[in-house]
Amino acid sequence: IFTVFCSNHNSFPRCTKFWKDYLFYTVSAMSSSPSGVPRWEFGLRLLLCSLGLVLSVYALHVELSRENDPAYRAMCDIGQSVSCSKVFTSRWGRGFGLVELFTSKDNVLNQPNSLLGILFYALQLGFGQLVSSRAAFFLIVSSWVSVAGSLYLASILVFILEDFCVVCVSTYIINFALLYTNLKRRTGLVGRAKKAKTQ
């Protein structure tokens, strides 16, 4: 019956409007929630943070294994210029290579970047469960810091170490994706606040 109705020339404009409205409300329902945070945001955050945690734990494992056994070869050590263990055990693998400028190499403050990554992804996942403007602010600020750190380490990777680290680049991509996710969350919360004021 619906097919016959839509095939009718006089009913075609109304049929087209119906489908446009239907698609609009369907997409709106899927992309937003009463809290203002996009529905897909929680799932994507869980995926990104889980991947980030796995990569960070693996990076820490590789670094510790290489320190204990110089002959250790990680799965991500594909070639001479494609070696993650070379990057992890370098000066820039701890404290971004900056902490060592002010303290000794073995200082407690000079922690592996991978350990900082574990903390970052855990906080992103934890604060991501809170729907508040303060949590959103923290998520965005920490994301911008991680992106700045990613760009800094990427430049070290290319211009100083002249190496390609698969694990490192993967975390850089995750950090950029988390920034996008956090910006979308903030946009949703701001939109909800404006809508509440107008009602």
Side-chain angles (χ1 to χ4, degrees), residues 41-70 72-78 81-130 134-186:
E41 193 263 4
F42 292 102
L44 181 59
R45 179 180 302 278
L46 177 61
L47 175 63
L48 293 174
C49 291
S50 297
L51 290 174
L53 284 169
V54 169
L55 291 174
S56 297
V57 169
Y58 176 71
L60 183 61
H61 165 73
V62 170
E63 180 176 350
L64 295 178
S65 298
R66 186 64 177 268
E67 288 179 353
N68 295 328
D69 181 12
Y72 172 79
R73 184 179 178 85
M75 290 187 297
C76 53
D77 291 339
I78 303 174
S81 58
V82 185
S83 171
C84 59
S85 60
K86 173 185 174 182
V87 178
F88 298 153
T89 55
S90 70
R91 166 192 157 188
W92 294 273
R94 285 178 171 264
F96 291 84
L98 301 175
V99 177
E100 192 174 330
L101 297 176
F102 307 98
T103 63
S104 63
K105 179 181 179 181
D106 299 325
N107 191 283
V108 67
L109 296 177
N110 196 28
Q111 294 295 324
N113 296 346
S114 53
L115 197 59
L116 300 176
I118 292 173
L119 178 62
F120 168 71
Y121 294 120
L123 290 174
Q124 282 283 321
L125 187 58
F127 276 86
Q129 309 309 308
L130 305 177
R134 290 185 178 181
F137 176 77
F138 171 81
L139 290 171
I140 289 179
V141 171
S142 58
S143 273
W144 276 116
V145 172
S146 73
V147 166
S150 297
L151 292 174
Y152 164 73
L153 291 175
S155 64
I156 297 295
L157 200 64
V158 174
F159 299 109
I160 297 181
L161 297 176
E162 297 181 347
D163 187 272
F164 182 82
C165 172
V166 177
V167 175
C168 304
V169 173
S170 298
T171 57
Y172 302 160
I173 295 173
I174 290 174
N175 292 342
F176 274 96
L178 274 173
L179 175 61
Y180 171 80
T181 303
N182 290 324
L183 290 174
K184 294 297 290 184
R185 164 182 281 245
R186 181 173 180 241

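- Applying the side-chain hydrogen bond (donor to acceptor under 3.5 Å, both in side chains) test to S142 and every residue at least two apart in sequence or in another chain returns Q124.
- Ring geometry, F127 versus F138: the interplanar angle falls from 30° to 60°, so the pair is classed tilted.
- In terms of the ring-ring contact (aromatic ring centres under 6.0 Å, His included) criterion, Y58 has no residue partners (sequence neighbours excluded).
- Applying the salt bridge (charged side-chain N to carboxylate O under 4.0 Å, His left out) test to pairs two or more places apart or on separate chains, those with a residue in residues 171-186 are E41-R185.
- By the side-chain hydrogen bond (donor to acceptor under 3.5 Å, both in side chains) test, S170 is found to be paired with no residue, residues two or more places apart in sequence or in another chain being considered.
- Here the closest non-hydrogen pair linking K86 and L161 is NZ-O, 3.3 Å.
- A salt bridge (charged side-chain N to carboxylate O under 4.0 Å, His left out) check over residues 55-65, counting only residues at least two apart or in different chains, returns the pairs E63-R94.
- Scanning both residues, I140 and L179, for their nearest heavy atoms gives O-CD1, 4.4 Å.
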Legend entry - R66 and S85: CA distance, side-chain angles, deciding distance, side chain to side chain donor-acceptor pair (under 3.5 Å) verdict: CA-CA 7 Å; R66 186 64 177 268; S85 60; 2.5 Å; yes

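- When all heavy atoms of C165 and V87 are compared, the closest pair comes out as CB-CG2, 3.9 Å.
- Between L55 and Y121 the shortest side-chain heavy-atom distance does not fall below 4.5 Å.
- Annotation: disulfide (SG to SG under 2.5 Å) contacts of C76 (sequence neighbours excluded): C84.
- No side-chain donor-acceptor contact under 3.5 Å links S56 to the backbone of L53.
- Shown here is Y72, whose OH atom has more than 12 heavy atoms of other residues, nucleotides or ligands within 6.0 Å.
- By the neighbour-count criterion of 12 heavy atoms within 6.0 Å, atom OH of Y180 is sparsely surrounded, having that number or fewer from other residues, nucleotides or ligands.
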